[in-house]
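Everything numeric here is computed off the predicted structure, so don't read it as measured data. Every chain is numbered from 1 and lettered A, B, ... according to where its sequence line falls, protein lines coming before strand lines.
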There are 2 protein chains.
Amino acid sequence: MGTKGEGNRQRIIEAADSLFYRRGYNQTSFQDISDATGIPRGNFYYYFKTKDDILNAVVDTRIADLTLMVNSCESATSDARERLLMFSNMLEHQQDDVIQSGCPIGSLTTELAKDEPALHEKSRQPFVLLRNWIKSQFESLGLSNAEDLAMDLLAKLQGVTVMACAFKDVEYLKRSHHEIKDWINKKTLN
Amino acid sequence: MGTKGEGNRQRIIEAADSLFYRRGYNQTSFQDISDATGIPRGNFYYYFKTKDDILNAVVDTRIADLTLMVNSCESATSDARERLLMFSNMLEHQQDDVIQSGCPIGSLTTELAKDEPALHEKSRQPFVLLRNWIKSQFESLGLSNAEDLAMDLLAKLQGVTVMACAFKDVEYLKRSHHEIKDWINKKTLN
DNA sequence: GTCTATAGCCGGATAGAC
DNA sequence: GTCTATCCGGCTATAGAC
């Protein structure tokens, strides 16, 4: 229950979050996290039972961050169309990281699809959150096929991310993000 | 130059191809390939200098297979629209593998984007082949933005693959493939 | 060409001093 | 709570017998 321990726990999660994104889950070792934080390897087991537990904590904080992100869209405007455009704009700010490492959610889910089912299911949770939020935005605009549209939007974002990262093409990424916003407008206007 | 050795070399490549797809490159060990082929681990170094060399050979055979695939589309019809639809149909036949392990090209490229640049560049080559072939199909139909359309088609395919694998949803995958064929028709008719 | 044995390193996880 | 030392196993790669 000490405050000191919780601070270290948070630092481990933040370093693991970044490394899982930039290097992948399986390619990140305890030594890597130790180097990034200055916390000795053996100490990790005071905060987490296994490496899988670190992944669970990382995904939980990603979900918390995404919740803050969509809540800030909710606070900004009552127009669901503007919320979706605002959400897309937020993603555009991560374009340099996307070119280098892909989508944090998509690449982790793709990696862990080849691993144990429990890890894969955990990695899918951020997608579930986003699908439900986007769905509720389309619903509030009176669109009947809101869930299909939510999957379409996520698929568009994932598709351009995979190709932009594969070809290391930031201009393609920018152009495609504009087309996605055009698509949002087309689906939600009138 | 013996014929026996070349047979073993081919068996190693085929087993590695399947394992790199189902488990990932970094998660596939020489022991895994040995178990799958019955060829002892130490023997691999007679055929390949390093594990990276096996990856290079695997990607080369994937490129050869894709070349056969697009050539069979070229042979079947002189209508580029029909060729693109035929290509999409061929991808649909791999839907069960896609749900389990994603796209062989996309998931490998996403994984190796977080690895050494040389491996990532090699893994991108199948995408280059497909982009150029799709581009030439759109060009032969007189479309001026053929390269953009080729990237759009590949992005659509990658996007639905990532989401279908993430959610393990084969019905979504089928529906989305039909929508992609509708899009091809929309872009290429009249 | 084929196979065994093993080097040398690094991984996750543990024990126990402080 | 913090840190060191270490176990045990798996990894790529090599050496060398046959």
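- When the C1' atom of C:dT2 is taken as reference, atom CD1 of B:Ile39 falls 10 Å away, rounded to whole Å.
- B:Tyr21 places a side-chain N or O within donor-acceptor distance of the main-chain N or O of B:Gly102, the cut-off being under 3.5 Å.
- In this structure, the nucleotide among D:dT12, C:dA13, C:dC3 sitting nearest to the side chain of B:Ser29 is D:dT12.
- Taking atom CG of A:Asn43 as the reference point, atom P of D:dT6 lies 19 Å away to the nearest angstrom.
- Between B:Ile33 atom CD1 and D:dC11 atom C1' the separation is 12 Å, expressed in whole Å.
- For B:Arg131 (side chain) and B:Leu154 (main-chain N/O), no donor-acceptor pair under 3.5 Å exists by modelled atom type.
- For A:Arg124 (side chain) and B:Ala166 (main-chain N/O), a donor-acceptor pair under 3.5 Å exists by modelled atom type.
- Remark: C1' of D:dG9 and CG of B:Asp32 are 15 Å apart, rounded to the nearest angstrom.
- Look at NZ on B:Lys51: it is 12 Å from C1' on D:dG10, rounded to the nearest Å.
- The nearest whole Å value for the distance from the CZ atom in B:Phe48 to the C1' atom in D:dT14 is 18 Å.
- With B:Asp32 contributing its side chain and B:Ser29 its backbone, the two residues share a donor-acceptor pair below 3.5 Å.
- Proximity of B:Tyr46 to the phosphate of C:dC3: no side-chain N or O atom is located under 4.0 Å from OP1 or OP2.
- Residue-to-nucleotide proximity on DNA chain C shows that, of B:Gly38 and A:Asp52, the 5′-proximal contact is made by B:Gly38.
- Distance from the side chain of A:Arg41 is smallest for C:dA13 among the nucleotides C:dT2, D:dT2, C:dA13.
- Heavy-atom distances to DNA chain C give each of A:Gln31 and A:Lys49 a nearest nucleotide, and the one nearer the 5′ end belongs to A:Gln31.
- Residue B:Ser34 is out of contact with every strand shown, counting any heavy-atom pair closer than 4.0 Å.
- A close approach under 4.0 Å does occur between a side-chain nitrogen or oxygen of B:Asn8 and OP1 or OP2 of C:dT2.
- The interatomic distance linking A:Phe30 (CZ) with D:dT6 (C1') rounds to 16 Å, in whole Å.
- In this structure, B:Thr109 contributes its side chain and B:Ser123 its backbone to a donor-acceptor pair below 3.5 Å.
- Rounded to a whole Å, the OH atom of A:Tyr47 is 11 Å from the C1' atom of D:dC3.
- Nucleic acid contact for B:Tyr45: base, since at least one base atom lies under 4.0 Å from a heavy atom of the residue.
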